[in-house]
Structures are given as structure tokens and as C-alpha cells.
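Numbers here simply count residues along the sequence, with the first being 1. Bear in mind the structure is a predicted one, so any value in this text is a computation, not a measurement.
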Amino acid sequence: MATKAVIARNLKRIKLVEKYKQRREALKEAGDYFGLQKLPKNSSPVRLRNRCGVTGRGRGVYRKFMLCRNVLRQMALEGKIPGLRKASW
């Protein structure tokens, strides 16, 4: 299970990116790169990471389901994801 700290950290970064989005765009248009450097590091959209909604894992996450590959396979085999089943031919 994903710890509350991992989920909270990700949500905190998302809020921070949204907060500084307009200011970042204005500084880029003005060419004020020193002003951009003064913004908090975590306000950069590049630092966001997709995370699994169940485990908090940061790698192998499918965007459509917001689940990592391990959990996606397990839930698909259990029939918990409608319309998704394991391919076999």
C-alpha cells in the first residue's frame, strides 16, 4: 500500500506547480532567467512524477489506469478492471 507520506508529497508538488504556473510563464516571456532561478525547485513541472494510486510506485505506471504494471496485472486477473483481460492466443 502507498504510504500517506508518498501521496501527500506528490499532491503537494502538484499544488506547487499550479501555484507558480502563471508566474513561470510570465518570467519566461520576459526573459527573466534570474527570476526563474529564484522560484522553488519543486514548482517546476519537470519534477512531477506519475505514481501508482495503490502502491505509490514511481516506475512502470500506466497513465490510463494510474496503476503500476504489477498492480494492473493483479487486478486484471482478479477481474476488478472492467473491459480488461489478459491476452492469450
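Taking every heavy atom of both residues into account, Arg51 and Gly56 meet most closely at NH1-O, 2.9 Å. Pairing each heavy atom of Val61 with each of Cys52, the nearest pair is CG2-N, 3.8 Å.
No chain of hydrophobic side-chain contacts below 4.5 Å, direct or via other Ile, Leu, Val, Met, Phe, Trp or Tyr residues, connects Leu11 to Tyr20. Val71 and Leu77 sit in two unconnected hydrophobic clusters of ILVMFWY residues. Membership requires side-chain heavy atoms under 4.5 Å apart, directly or through other members. Leu36 and Leu16 fall within the same hydrophobic cluster, defined by Ile, Leu, Val, Met, Phe, Trp and Tyr side-chain heavy atoms under 4.5 Å apart, directly or through other members.
With side-chain heavy atoms closer than 4.5 Å counting as contact, directly or through intermediates, Phe34 stands alone and belongs to no larger hydrophobic cluster.
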For residues 37-50, which side-chain donor-acceptor pairs fall under 3.5 Å, sequence neighbours excluded?
{"from": "Asn42", "atom 1": "OD1", "to": "Arg13", "atom 2": "NE", "distance (Å)": "3.4"}
{"from": "Asn42", "atom 1": "OD1", "to": "Arg13", "atom 2": "NH2", "distance (Å)": "3.4"}
{"from": "Asn42", "atom 1": "OD1", "to": "Arg47", "atom 2": "NE", "distance (Å)": "2.9"}
{"from": "Asn42", "atom 1": "OD1", "to": "Arg47", "atom 2": "NH2", "distance (Å)": "3.0"}
{"from": "Ser43", "atom 1": "OG", "to": "Arg24", "atom 2": "NH2", "distance (Å)": "3.0"}
{"from": "Ser43", "atom 1": "OG", "to": "Pro40", "atom 2": "O", "distance (Å)": "2.6"}
{"from": "Ser44", "atom 1": "OG", "to": "Val46", "atom 2": "N", "distance (Å)": "3.4"}
{"from": "Arg49", "atom 1": "NE", "to": "Gly58", "atom 2": "O", "distance (Å)": "3.0"}
{"from": "Arg49", "atom 1": "NH2", "to": "Gly58", "atom 2": "O", "distance (Å)": "3.1"}

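Leu27 contributes atom CG, which lies 12.0 Å from atom CD of Gln22 (distance to the nearest 0.5 angstrom).
Lys21 is linked by a side-chain contact (heavy atoms from CB on, under 4.5 Å) to Glu18, Glu25, counting only residues two or more places apart in sequence or in another chain. Judged as a side-chain contact (heavy atoms from CB on, under 4.5 Å), and not counting sequence neighbours, the contacts of Tyr62 are Phe65, Arg69, Leu72.
Applying the side chain to side chain donor-acceptor pair (under 3.5 Å) test to every pair with at least one member in residues 70-82, sequence neighbours left out, gives these pairs: Glu78-Lys80.
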